[in-house]
Amino acid sequence: MGHVMEKIMADVYVRWLRLGGHQVRFQVGTDEHGSKMEQTAKKEGMTPRELVDRNVQTFTSLYDRLGISYDVFIRTTDKKTHWPTVNALWRKLRDAGMLQKRTYTGLYCSGCERFLTKKELVDGLCPDHLRAPEEVSEENWFYALKKDADFLTDLLKNETLQIIPSSRSHEVLSLLERGLEDASFSRPTSSVAWGIPVPDDEGQTMYVWCDALTNYISGLGYFTDHEQKEWWESATITHVIGKDIARFHALLWPSMLKTAGIKTPEQILMHGFITSDGQKMSKSLGNVVNPVEVVEKYGVDALRFFLSHEIPVGNDGDFSWKRFSEIYQSKLGNQLGNLMNRVLTLMIKGNIEISPDMPHPTDMDKTITAKWKHYSGFFDSFSLSEAVQQAMDIVTFCNQMMQTHEVWNHERKNEFLSEFCESLRHIALMLLPFIPDSAQKMSKQLGAPYAESMLNRDFVITKELQTWGGCTDWTHVGTPEILFPKVD
RNA sequence: CGCGGGGUGGAGCAGCCUGGUAGCUCGCGAGGCUCAUAACCUCGAGGUCCCCGGUUCAAAUCCGGGCCCCGCACCCA
């Protein structure tokens, strides 16, 4: 679920950028190497290759289903697209003197098949296997991260690299103050074989960092004959990651880029974790929520809306079926869906056309102008939940107007209804990055002339479209259909 | 003294940085409306803002101390 939230957050943001007329490249990917993959494959009686191919299938079909509008999907096991960049980067880091081979000595538990720290031991024994770990030495390549401590401190302090939310930046800075450790960059092939071989050193396999982090630039073909540097050098780079891998993205990765002579990213957006009914999701507790299940029951947009609306960027959030159903019912169904329905029904029944001269200035018109302003402001600061709230505020406002003016038997009913339709048109546009399919359905029902094309990548919400009455060739509304039906 | 997050009406949260009538969603109670997906609108009940001390004219908000919960293995993502 956390995984899904990350993709949805990124997708919402990307869609907003595209709708603003920006050129965007949206890359996602999977890290497919490592000993865990080897082990899992063994357990399931398949080769690592078969396992990762199966996993990628699962991911891509899930992303497609969720409407994640990525441009590039990078697989770290792709020898054609990913490996060349990684190998070239490794050599650059090595030639710059940042990679050194050292002997690592640690306490190895053969049960866990990994090194344990002293702190993990209970009475000198591995808590899981109740046996004493043995002291094992192995050769590792190390990345001399310590050398870049000052560079990184500056980078974060003057926000050349901005971390959102800023509290995480403090966290990373305090890590820096306490002193960095050099990072292990490889494993002997004898212990991990499923990975990218270290260039010019046959006995070693790359550890995750040089391999996986590099996906950001391997997706652009860096260090190959088909480099697309403009997407990095002249672009604003935003990484969207989980807080658990903060230090690697905020410290190790910028250092690697600097060493290779590539500019560092502008922003890192760190999201929190999702709990389930207040507890960490775990198999043993049986409270794991499968996003597919949610989508099957409520639809993609309901999930996208819930995550955007309920979980402020950067915070941890909670998923509970009860809350989900409440939000779906009340916000999407009763407030938004019902507003659409009541307005369109009145339009159709009264055989009313959209007024070519939208009355203004009115309270409604002023409200919407203000909401658009707040809306984009919140997007700029990655406050996605606040942004979506702006659209919902208009919904509430319309529902109030409808009631207080008893529009259904008001003498200026036609005018009011035109205003509501226009408001709904704006609401749909605002919701477009969040719940694209539903926003399009709304627009189609409203009869907005651009509705058909609004899911295209080059669709832009122009100034005119954002203006009150700015959609001039719009005359009729269509038939209302229930957007968010009740779900048991 | 490992690090971090948190403790606000029944539930989930915002507010804290930049002190000054405690706000939102859901639920609950009463009333209204009837165009609409029994939806919508209005009003209301309900809170020692974890505890103790300090600063201040004034503290949920700042400072000090204490208590409690949750992450930082793996699984899951």
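So you know, we letter chains A, B, ... as the sequences are listed, proteins then strands, and number each from 1.
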Residue pair A:Thr362 / A:Glu419, side-chain donor-acceptor N/O under 3.5 Å: yes
Protein-nucleotide distance (A:Asp393, atom CG; B:A14, atom P), rounded to Å: 18 Å
Sugar-phosphate or base contact per nucleotide [nucleotides 27-33 of chain B; S, B, -; heavy atom under 4.0 Å]: -----BS
B:A60 and B:C50, which share atom name P, separated by this distance in whole Å: 10 Å
side-chain contact (heavy atoms from CB on, under 4.5 Å) partner of A:Lys7, chosen from A:Tyr70, A:Phe59, A:Tyr63: A:Tyr63
Short side-chain donor-acceptor distance under 3.5 Å, A:Asn399 and A:Arg342: yes
Min side-chain heavy-atom separation A:Tyr328-A:Val487 under 4.5 Å: yes
Gap in Å between the two C1' atoms, one belonging to B:G71 and one to B:G47, rounded: 28 Å
Gap in Å between the two C1' atoms, one belonging to B:G19 and one to B:U25, rounded: 27 Å
With A:His410 via ring pair (Phe, Tyr, Trp, His ring centres under 6.0 Å) - residues at least two apart: A:Phe416
Pair A:His476, A:Glu353: side-chain N/O donor-acceptor within cut-off below 3.5 Å: yes
Contact residues, residues 476-484 of chain A to RNA chain B [heavy atom, < 4.0 Å]: A:Ile482, A:Leu483, A:Phe484
Sole candidate of A:Ser184, A:Ser255, A:Ser186 that passes side-chain hydrogen bond (donor to acceptor under 3.5 Å, both in side chains) when paired with A:Tyr143: A:Ser255
Whole-Å P distance, B:A39 and B:A30: 16 Å
B:A11 - base-pair partner by Watson-Crick or wobble geometry, distances under 3.5 Å: B:U25
Integer-rounded Å distance: B:C41 P and A:His405 NE2: 14 Å
Paired nucleotide for B:C40 [Watson-Crick or G-U wobble; both distances under 3.5 Å]: B:G32
Distance in angstrom units between A:Met401 CE and B:C41 P, rounded: 14 Å
Are there any protein N/O atoms within less than 3.5 Å of an N/O atom in nucleotides 43-46 of chain B, and if so, which ones and at what distance?
none

Expected output: side-chain A:Asp182 to main-chain A:Phe142 donor-acceptor under 3.5 Å: no
Pair partner, B:C72 [Watson-Crick or wobble, under 3.5 Å]: B:G2
Aromatic centroids of A:Phe382 and A:Tyr13 separated by under 6.0 Å: yes
Rounded interatomic separation in angstrom, taking CZ from A:Phe306 and P from B:U25: 16 Å
Interatomic distance, A:Phe324 CZ vs B:C13 P [rounded to whole Å]: 17 Å
A:Phe248: which of A:Phe185, A:Tyr207, A:Trp209 passes ring pair (Phe, Tyr, Trp, His ring centres under 6.0 Å): A:Trp209
Nearest-Å distance once atom C1' is located in both B:G10 and B:G46: 9 Å
Phosphate OP1/OP2 of B:U42: any A:Gln400 side-chain N/O under 4.0 Å: yes
Lys/Arg cation over aromatic A:Phe434: A:Arg304, 6.0 Å, 45° cone: no
Partner residues of A:Glu422 under the salt bridge (Lys or Arg N to Asp or Glu O under 4.0 Å) criterion, sequence neighbours left out: A:Arg425
Donor on one side chain, acceptor on other, A:Tyr375 and A:His426, under 3.5 Å: no
Euclidean distance for P, B:G2 against B:U48 (whole angstrom): 36 Å
C1' gap between B:G9 and B:C1, integer Å: 37 Å
Whole angstrom value for the distance that separates P of B:A14 from CE of A:Met392: 20 Å
Near-strand residues of residues 332-356 of chain A, defined as heavy-atom separation under 4.0 angstrom from RNA chain B: A:Gly333, A:Asn334, A:Gln335, A:Gly337, A:Asn338, A:Asn341, A:Arg342, A:Thr345, A:Leu346, A:Lys349
Spacing of A:Phe397 atom CZ relative to B:C24 atom P, expressed in whole Å: 17 Å
Pair A:Asp211, A:His82: side-chain N/O donor-acceptor within cut-off below 3.5 Å: yes
Separation between the P atoms of B:G4 and B:C63, rounded to whole Å: 15 Å
Separation of atom CE in A:Met270 from atom P in B:C3, rounded to whole Å: 19 Å
Check: A:Tyr216 main-chain N/O paired with A:Gln27 side-chain donor or acceptor under 3.5 Å: yes
